[in-house]
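One structure is given here, and the rest of the page talks about it.
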Amino acid sequence: MEKYVVVLAAGKGTRMKSKLYKVLHKVCGKTMVEHVVDAARGVNPAKIVTVVGTGAGEVEKVLANKSEFAFQEKQLGTGDAVMTAKEALGDKDGATLVVTGDTPLFTTDTFNELFKYHAKKGNAATVLTAEAPNPFGYGRIIRDDQGNVLRIVEQKDGNPEELKVKEINTGVFCFDNKKLFEALKHVDNNNAQGEYYLTDVLEILRNSSERVDAYKMPDFSESLGVNDRVALAQATKTMQRRINEMHMRNGVSFVDPDTAYIDAGVKIGNDTVIEGNVVIKGNTEIGNDCYITNGSRIVDSKIGNNVTITSSTLQEAKMDDNTDIGPNSHLRPKAVIRKGAHIGNFVEIKKAEIGENTKVGHLTYVGDATLGKDINVGCGTIFSNYDGVKKFHTNVGDHSFVGAGSTLIAPINVADHSFIAADSTITKDVGKYDMAIARGRQVNKPDYWHKLPLSKDKEWE
Ligand code: UD1
Ligand code: CA
């Protein structure tokens, strides 16, 4: 039987108190609606239709190539929202999964289980339910004495007896597609919120003698609906645990998985060790046998094998195999560290390539530069790249030596095998095998001590 999916994502999400559309809030670096759509894609549906509302261009952008869209002009309720998908799906024979876009924790496995159960039972509608530790805010599943599902009652409509029920509507349903759209015609808005509730479809189908049933999940963990920032943080915690456990099963060690914040989609090789208080975000790939210590933050970067990152920040940077950095260094966009290079502490590198086996050990700024192999850059070197208007580039050739405290004022070319004496301010190119020295000469004034006014009152020795 063909499968279809409708994702409800048109609600603004007033309870989030945000400029941002609710379903665009991120859980582990990925928008909630993408989590839902990606899990739904796993069931191989013939079509996914996401219902979006006014100003939801951003939702369409994040789901481009993953979903079709239906437009709900006014947010009149979840029933009305599903109705907008009628044009795309109304004439199809098959089973339709309806999911709310604010439930980011559902897995493909769960959706598959629901489809299977729905088909096996020959149901017209199957609602996915769970026992909630705190059911407040969710629709409650009302059953008769034999346990048959009668209807769903929303928080704001329930009487005290009904609100005691802990079995909740997770917001996920499987419907016979044609029966769904037929029943939706009969949904009205006579309720506390004046909305057209999707949940009313169950009672409507039941009243026309269709099979209505619930598939109850063994635990609540996937069912969390995110309506406010408290739930957003809870969803993030659960998703984080899931992501970190996936990495551990793949051979990554975590010293404290509770405080390692790894985005969905980050790749990490085996035998890599991640200490606590590490953040790894975005489109980042980390190889095998790396060691990442506490206080490191790595965003959109590519890290090879056997790399050590000690309490450092990397953004859109690349570190090849057998390199190391830190503590307290910063790779900014387009920093590229070639094989075997060493970046020590308090070093900032921006839009610069550091060649193989080159060492930039201490307190140095390298911006807009290309450094060859086997170079030693002394402590406190400055690649002065900016004249207040424009940026300029510096090249340093292989096997060169840049003495401590030097300033290279770009644009400059320093040839291979050249030597810059410590504390030089380099403003002219340096040739191959040359030594450049550019600093004030030292002058010693004999017996100056006795001319100092202080020396009369005080012996310093
Ligand atoms: C809904 C269910 C509730 C269930 C809960 C699960 C209804 C009436 N209630 O309640 O039984 O326990 O989800 O999390 O269905 N949306 C639209 N258009 C609208 C209204 C909502 O697209 O007009 C979308 C929202 O973007 C959201 C989803 O539907 O992604 C659910 O809406 P929300 O207002 O969060 O419903 P709940 O009150 O959480
Ligand atoms: Ca909700």
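Positions are given from 1 along the sequence. We count ligands from 1, going down the list as the structure has it; atoms in each ligand are counted the same way.
Considering backbone and side-chain atoms together, Lys22 places an N or O closer than 3.5 Å to an N or O of ligand 1. By the 3.5 Å distance cut-off applied to N or O atoms, Ala10 is counted among the residues near ligand 1. Backbone and side-chain nitrogen or oxygen atoms of Asn169 are examined, and one is located within less than 3.5 angstrom of a nitrogen or oxygen of ligand 1. The N/O atoms of Leu198, backbone and side chain alike, include none that comes under 3.5 Å of an N/O atom in ligand 1. Ligand 1 has no nitrogen or oxygen under 3.5 angstrom from a nitrogen or oxygen of Tyr197. Considering backbone and side-chain N/O of Val23, none are found under 3.5 Å from N/O of ligand 1. For ligand 1, the polar-atom distance check against Glu154 finds a nitrogen or oxygen pair separated by under 3.5 Å. Between Val51 and ligand 1, no N or O atom pair is found at a separation short of 3.5 Å.
Under 4.0 angstrom from ligand 1, the non-hydrogen atoms of Ala9 all belong to its backbone. If you look at Leu76 next to ligand 1, the close heavy atoms, those under 4.0 Å, all belong to the backbone. Residue contacts with ligand 1 for Thr170 involve N, CA, C or O but no side-chain atom from C-beta outward (heavy atoms, distance under 4.0 Å).
Looking at atom 15 (O) of ligand 1, its nearest protein heavy atom turns out to be Thr78 OG1, 2.7 Å. For atom 25 (C) of ligand 1, the nearest non-hydrogen atom of the protein is Gly11 N, 3.6 Å. Counting only heavy atoms of the protein, atom 20 (C) of ligand 1 lies nearest to Gly77 C, 3.8 Å.
The cationic atom of Lys391 (NZ for Lys, CZ for Arg) lies less than 6.0 Å from the six-membered ring centre of Tyr386 and within 45° of the ring axis. Relative to the six-membered ring of Tyr261, Lys281 misses at least one condition, a distance below 6.0 Å or an angle of at most 45° to the axis.
Of the listed residues (Leu8, Ile152, Ile141), the one carrying the non-hydrogen atom nearest atom 24 (C) of ligand 1 is Leu8. Proximity annotation for atom 18 (N) of ligand 1: of Lys156, Gln72, Met16, Gln72 comes nearest, heavy atoms only.
Residue Asp102 places a heavy atom less than 4.0 Å from ligand 1. In this structure, Asn227 is part of the shell of residues with a heavy atom less than 4.0 angstrom from ligand 1.
The minimum heavy-atom distance between Phe69 and Leu63, with the atom names listed, is CZ-CB, 3.8 Å. Of all the heavy atoms in Thr238 and Ser221, the pair that sits closest is CG2-O, 4.2 Å.
Among the backbone and side-chain atoms of Asn227, an N/O/S atom is found under 3.0 Å from the Ca ion (ligand 2).
Against a heavy-atom cut-off of under 4.0 Å, Arg15 is close to the following atoms of ligand 1: 34 (O), 35 (O), 38 (O). Of all atoms in ligand 1, listed by their number and element, those nearer than 4.0 Å to a heavy atom of Thr100 are 28 (C), 31 (C). In the vicinity of Ala81, heavy-atom distances shorter than 4.0 Å reach the ligand 1 atoms 17 (C), 18 (N), 22 (O). Residue Gly139 approaches ligand 1 through these ligand atoms, each under 4.0 Å from one of its heavy atoms: 3 (C), 4 (C), 11 (O), 12 (O). Less than 4.0 angstrom separates some heavy atom of Thr199 from each of these atoms of ligand 1: 7 (C), 8 (C), 11 (O), 15 (O). Close approach of ligand 1 to Gln75 is summarised as follows: ligand atoms under 4.0 Å from at least one heavy atom of the residue are 23 (O).
The pair Glu210-Lys179 meets the salt-bridge criterion, with a side-chain N (NZ, NE, NH1 or NH2) lying under 4.0 Å from an Asp/Glu carboxylate O.
Thr236 OG1 to Arg229 CZ: the interatomic distance, rounded to the nearest 0.5 Å, is 11.5 Å.
With hydrogens and angles left out, the side-chain atoms of Glu195 and Asn191 include no donor and acceptor closer than 3.5 Å. Checking Arg297 against Gln315 by side-chain atom types alone, no donor-acceptor pair falls below 3.5 Å. In summary, the side chains of Thr50 and Ser67 do present a donor paired with an acceptor at a separation below 3.5 Å, with no hydrogens or angles considered.
Side-chain atoms of Glu131 and Glu167, non-hydrogen and from C-beta on, do get closer than 4.5 Å to each other.
Ring geometry, Tyr215 versus Tyr117: the interplanar angle falls from 30° to 60°, so the pair is classed tilted.
The N, O or S atom of Asp102 with the smallest distance to the Ca ion (ligand 2) is OD2.
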